[in-house]
Amino acid sequence: MPENTETGPFLPFARPDITEAEIEAVTETIRSGWLTTGPNAAAFEKEMSEFLDGEDITCVAVNSATAGLHLAVEALGIGPGDEVLVPTWTFTSTAEVVRYVGADPILVDVDPATLNIDFQDAGRKITDRTKAVMPVHLAGIPVDARELEDFATRHQLLVVEDAAHAFPVRSNGKLVGNSTSDAVVFSFYATKTITTGEGGMVMVRSEDLAQRMRTMRLHGISRDVFNRYQSTVPAWRYDVVAPGFKYNLPDTAAAMGRVQLGRAVEMRDRRRAIAYGYLEAFRDLPVELPLVPEDPQNHAWHLFMLRIDAGTAGLHRDEFINRMSDEGVGTSVHFIPLHLHPYWKDACGAEDADFPVATREFERAVSLPIFSSMTDGDVDKVIGAVGRVLTR
Ligand SMILES: *Cc1c(COP(=O)(O)O)cnc(C)c1O
């Protein structure tokens with residue numbers, strides 16, 4: 001970590017919010033002798049379904065959101081010849097899993113305010129091969145659940161939500177994860193709103209889908225290890241029914257996740273308080289502030305993104321990032337749109353001009369630290385730094 005006597009210790013862009021409770025839970029799990037997927041993973045799945053509060057929801061724990069997205073598209077039977085609509089403004093995971101199953105991601109431009117998928121552009125990209133849509137709830141602002149459902153119904157599409165930024169948050173009164181979508185996938189990566197270090201959870205409504213995902217997350221074995229030791233069938237007996245993957249969540253991670261789940265609302269409320277502090281402090285600065293939904297329930301505040309115009313702010317976003325670093329504050333950019341990456345540009349034959357909003361907004365976007373373990377002093381440090389950088 002760069003250290004500067006004037007600015008104090010460097011404030012990283014993100015840091016997990018881990019208390020003694022998580023440390024104790026993980027330690028207890030290690031002492032128990034059961035490290036891989038077992039009772040903690042099963043309890044985590046059950047507690048997650050209860051949290052999402054849906055009647056017929058099943059949760060499947062996995063070792064990353066990427067794994068969960070892959071299992072979802074696999075279980076839904078998406079494959080060669082199929083097209084899947086993916087917003088260009090996302091992490092590469094969302095599109096890469098479509099490739100894993102041999103299908104074609106079709107990149108879609110985004111809404112300038114939310115940076116979520118633009119359903120008008122998505123509509124223009126429908127063909128008779130379009131099989132599914134994978135919306136991303138960017139920064140923690142959910143895609144409008146009704147609009148998504150209407151779009152999917154109208155075009156008869158499967159829906160897999162990338163909810164890596166969207167826990168916990170509501171859309172039209174319902175928690176993301178409790179929608180009519182075929183699958184909703186959360187990430188518990190180290191920088192996400194709740195974390196297990198690496199991990200993820202898939203919500204599905206169909207027991208058949210859940211069963212396929214449970215099988216495929218563990219080598220295509222038809223029952224997982226925990227069940228094997230619970231059942232009266234001999235422990236050594238199992239069937240391989242498909243060439244599956246190694247995507248199961250270890251109990252050490254699940255133990256951490258259960259504690260984090262219990263703290264999810266409190267951590268979200270802290271991020272919201274930090275966001276409102278920023279909004280107030282930056283009101284008069286020459287910068288575009290993030291969209292604030294009328295109902296505070298409609299934002300998970302995973303990211304706090306500013307948009308900086310070189311013209312009005314007097315410096316380009318890249319220079320802002322350098323100056324913030326000089327001030328001892330880490331920032332980041334979420335995301336470099338997929339069509340600007342060499343692989344996706346080639347694979348999708350994407351031209352910048354096909355994504356006017358994402359291409360333009362990418363030049364302006366920067367994310368500030370907004371993690372729940374920030375102290376008030378950390379928040380003041382960010383506010384002071386942004387103020388100095390933008391009013392020099
Ligand atoms: C973090 C992230 C992912 C991937 O999550 P992993 O758990 O690291 O696989 C996918 N999509 C988006 C939008 C993300 O931010």
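Note that ligands are numbered from 1 as they come in the structure, with each ligand's atoms numbered from 1 the same way. Not measured: the values here are computed from a predicted model.
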message: Tell me whether Thr90 has any N or O atom under 3.5 angstrom from an N or O of ligand 1.
response: no

Heavy-atom proximity to atom 1 (C) of ligand 1 ranks first, among Lys192, Met201, Glu198, His334, for Lys192

With Thr94 as partner, the option from Asp162, Thr88, Thr66 fulfilling side-chain hydrogen bond (donor to acceptor under 3.5 Å, both in side chains) is Asp162

Atoms of ligand 1 under 4.0 Å from any heavy atom of Ser187, numbered from 1 in the order shown, are 5 (O), 6 (P), 7 (O)

For Gly199, the atoms of ligand 1 under 4.0 Å from one of its heavy atoms are 7 (O)

min-distance protein heavy atom vs atom 10 (C) of ligand 1 -> Asp162 OD2, 3.5 Å

TODO: Answer yes or no for Arg360 and Phe355: cation-pi contact, defined as NZ/CZ to six-membered ring centre under 6.0 Å and angle to ring axis within 45°.
DONE: no

- [ ] Using distance alone, determine whether Ala65 and ligand 1 share an N or O pair under 3.5 Å.
- [x] yes

Does a side chain donor of either Ser171 or His137 reach within less than 3.5 Å of an acceptor in the other side chain? no

min-distance protein heavy atom vs atom 4 (C) of ligand 1 -> Ser93 OG, 3.5 Å

Residue pairs meeting ring pair (Phe, Tyr, Trp, His ring centres under 6.0 Å), one or both in residues 92-118, sequence neighbours left out, come to His70-Tyr100

For Phe335, the atoms of ligand 1 under 4.0 Å from one of its heavy atoms are 15 (O)

Say whether Leu157 and Val184 are linked into one hydrophobic cluster, either directly or through other cluster members, by side-chain heavy-atom distances under 4.5 angstrom.
-> no

The closest protein heavy-atom partner of atom 15 (O) of ligand 1 is His165 NE2, 2.7 Å

Original post:
Using 30° and 60° as the class limits, which term best fits the ring planes of His165 and His302: parallel, tilted or perpendicular?
Top reply: tilted

Checking heavy atoms under 4.0 Å, the part of Thr66 that sits near ligand 1 is both

- Same cluster for Val333 and Leu368 if Ile/Leu/Val/Met/Phe/Trp/Tyr side chains link at under 4.5 Å? yes

